[in-house]
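First up is the structure itself, then whatever we jot down about it.
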2 protein chains.
Amino acid sequence: MTNKSPVLKKLRNVRRKDQRPGEILRAALEVFSINGYAGTRLDDVAKRAGISKGTIYLYFNSKEVLFNEMVRHWILPQLEKIEQIGKQPAGSAEVILRKQLKVIYEDMVSTKASCIPKLIISEGTRFPELAEFYYQEVIIRAHKTMHETVRRGVAAGEFRQDALNWQLHAILSPALTAAIWKSVFDRFSPLDLKAYFQTHVDLLLHGLKGKS
Amino acid sequence: MTNKSPVLKKLRNVRRKDQRPGEILRAALEVFSINGYAGTRLDDVAKRAGISKGTIYLYFNSKEVLFNEMVRHWILPQLEKIEQIGKQPAGSAEVILRKQLKVIYEDMVSTKASCIPKLIISEGTRFPELAEFYYQEVIIRAHKTMHETVRRGVAAGEFRQDALNWQLHAILSPALTAAIWKSVFDRFSPLDLKAYFQTHVDLLLHGLKGKS
DNA sequence: TAATACTTACTGACTGGTCAGTAATCAATA
DNA sequence: TATTGATTACTGACCAGTCAGTAAGTATTA
């Protein structure tokens, strides 16, 4: 067995300090999401990242630190994007709400990051600080952002008054269910995300726009 | 230290073949729900059941078998109850729907068994047969049952036609979210289940009863 | 009813394998 | 050749599953 092209032979010990953390965080997401925290071997994370286990410890102090940083890395940027949309001064509440839901589905439910909720649900009991971080820094922030959009719609007479208490039911729940479905049941019955998203938006706006 | 009443002194090695499986299944639910599958030690399950680890193997062939039987034990009876309600010939669709949702919240979301969804979500990827069992024998069955109630309401002119495709969004999602919240975030922000249930029912019926 | 033989639920020490974390070593770059 | 990114061999803790032994309970006999 000879390598006809020496250029293509596997490079060993290549030093890429700047890129490693991101590669490890991506591999970690993939492996943790399949096996859970306790079920994941760092050897497998390393293999998927194309490095050896020892290298992980050059960038992350422990398995637990890696897990925590991975969650933050894969959820905070998307959250900030939704907040940015909410800060736009112009536009009806309906348009803004549609944009925000679109980001939730396109950047969170449809991407690699869709397994993050599953991981929080799985490991939240054993890592209370992780659950609290997610509660404070993701759920509360997302609620506040969506609440502000709804409030704006109520103030402008677009939405009914009593819709201000619906967020968990009407906004968060279907998106969470979609993410979970994708992670767990998609192999048995693939979710038509486009249609699901459409129904979600229709139902929500139908509820919001009725009179109080 | 003396036992004044010898009758009350702790009984060790008491033989109770008929009660053991149930006790083990209860202990398993409690420990698995906290630690997940891989993170759970059978020594801890045994300790909680008040027996030794070896005894578990007298009733269950392996950790995996115990886990699977536990899920079935804690979910199937409630499901059958909901199906029974759906089979009642009398009553409006709204009344039946309210009864069924009540059972979902009182017998599933409010009880020990509320951690079952969390466990399926956590372990479904690593136990595909478990995920498929839950999909086929719980989700599909529950959907069919609720769908039948909605269909009855549509046929009687109580509900709008296009509500037949809403189940995942409007019925399953909020209840699932409630169960997850109870398992993961309740310690940070306890869910007022009564109010949550009420909002869920109101939202759902508001959506169902509008005209097509 | 007492002594003896037998059954079986249960125990807990042990084994073999697994894996997080470490330390000695290698090798690419400047 | 000094620095440092990366590898590899190793350790020690941990745990699922096993099995020889114990003692509670039952049947049999005298």
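Reckoned from all heavy atoms, side chains included, excluding hydrogens, waters and symmetry mates. A, B, ... follow the sequence lines: proteins, then strands. Residue 1 opens every chain.
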### Task
With heavy atoms under 4.0 Å as the rule, sort B/Leu58 into base, sugar-phosphate or nothing.
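Base, at least one base heavy atom under 4.0 Å.
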### Task
Among C/dG21, D/dT18, D/dA6, find the nucleotide with the atom closest to the side chain of A/Tyr57.
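Nucleotide nearest to A/Tyr57's side chain: C/dG21.
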When you check the phosphate oxygens OP1 and OP2 of [N], does a side-chain N or O of [X] lie under 4.0 Å from one of them?
X	N	value
A/Tyr59	D/dG5	no
B/Thr55	C/dT11	yes
A/Ser52	D/dT7	yes

### Message
For a quick check, tell me whether the side chain of B/Lys63 and the base of D/dG17 share a donor-acceptor pair closer than 3.5 Å.
### Response
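Between D/dG17 and B/Lys63, which were checked side chain against base, a qualifying N/O pair under 3.5 Å is absent.
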Could you state the [atom1]-[atom2] distance from [X] to [N], rounded to the nearest angstrom?
X	N	atom1	atom2	value
B/Phe60	C/dC10	CZ	C1'	15 Å
B/Lys53	C/dG12	NZ	C1'	9 Å
B/Arg20	D/dA24	CZ	P	14 Å
A/Leu42	D/dT8	CG	C1'	16 Å

### Task
Inspect the surroundings of CZ in B/Arg126 and state if more than 12 heavy atoms from other residues, nucleotides or ligands are less than 6.0 Å away.
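Atom CZ in B/Arg126 is packed in, count exceeds 12.
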#### Entry: Partners passing side-chain hydrogen bond (donor to acceptor under 3.5 Å, both in side chains) against A/Arg98 (at least two apart in sequence or in another chain)
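Here the qualifying residues are A/Glu94.
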### Query
For B/Thr125, what residues pass the side-chain hydrogen bond (donor to acceptor under 3.5 Å, both in side chains) criterion, not counting sequence neighbours?
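With neighbours one apart ignored, the set is A/Lys118.
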### Message
Over 60° means perpendicular and under 30° means parallel, so tell me whether B/Phe67 and B/Phe32 are parallel, tilted or perpendicular.
### Response
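Geometry flag for B/Phe32 against B/Phe67: perpendicular rings.
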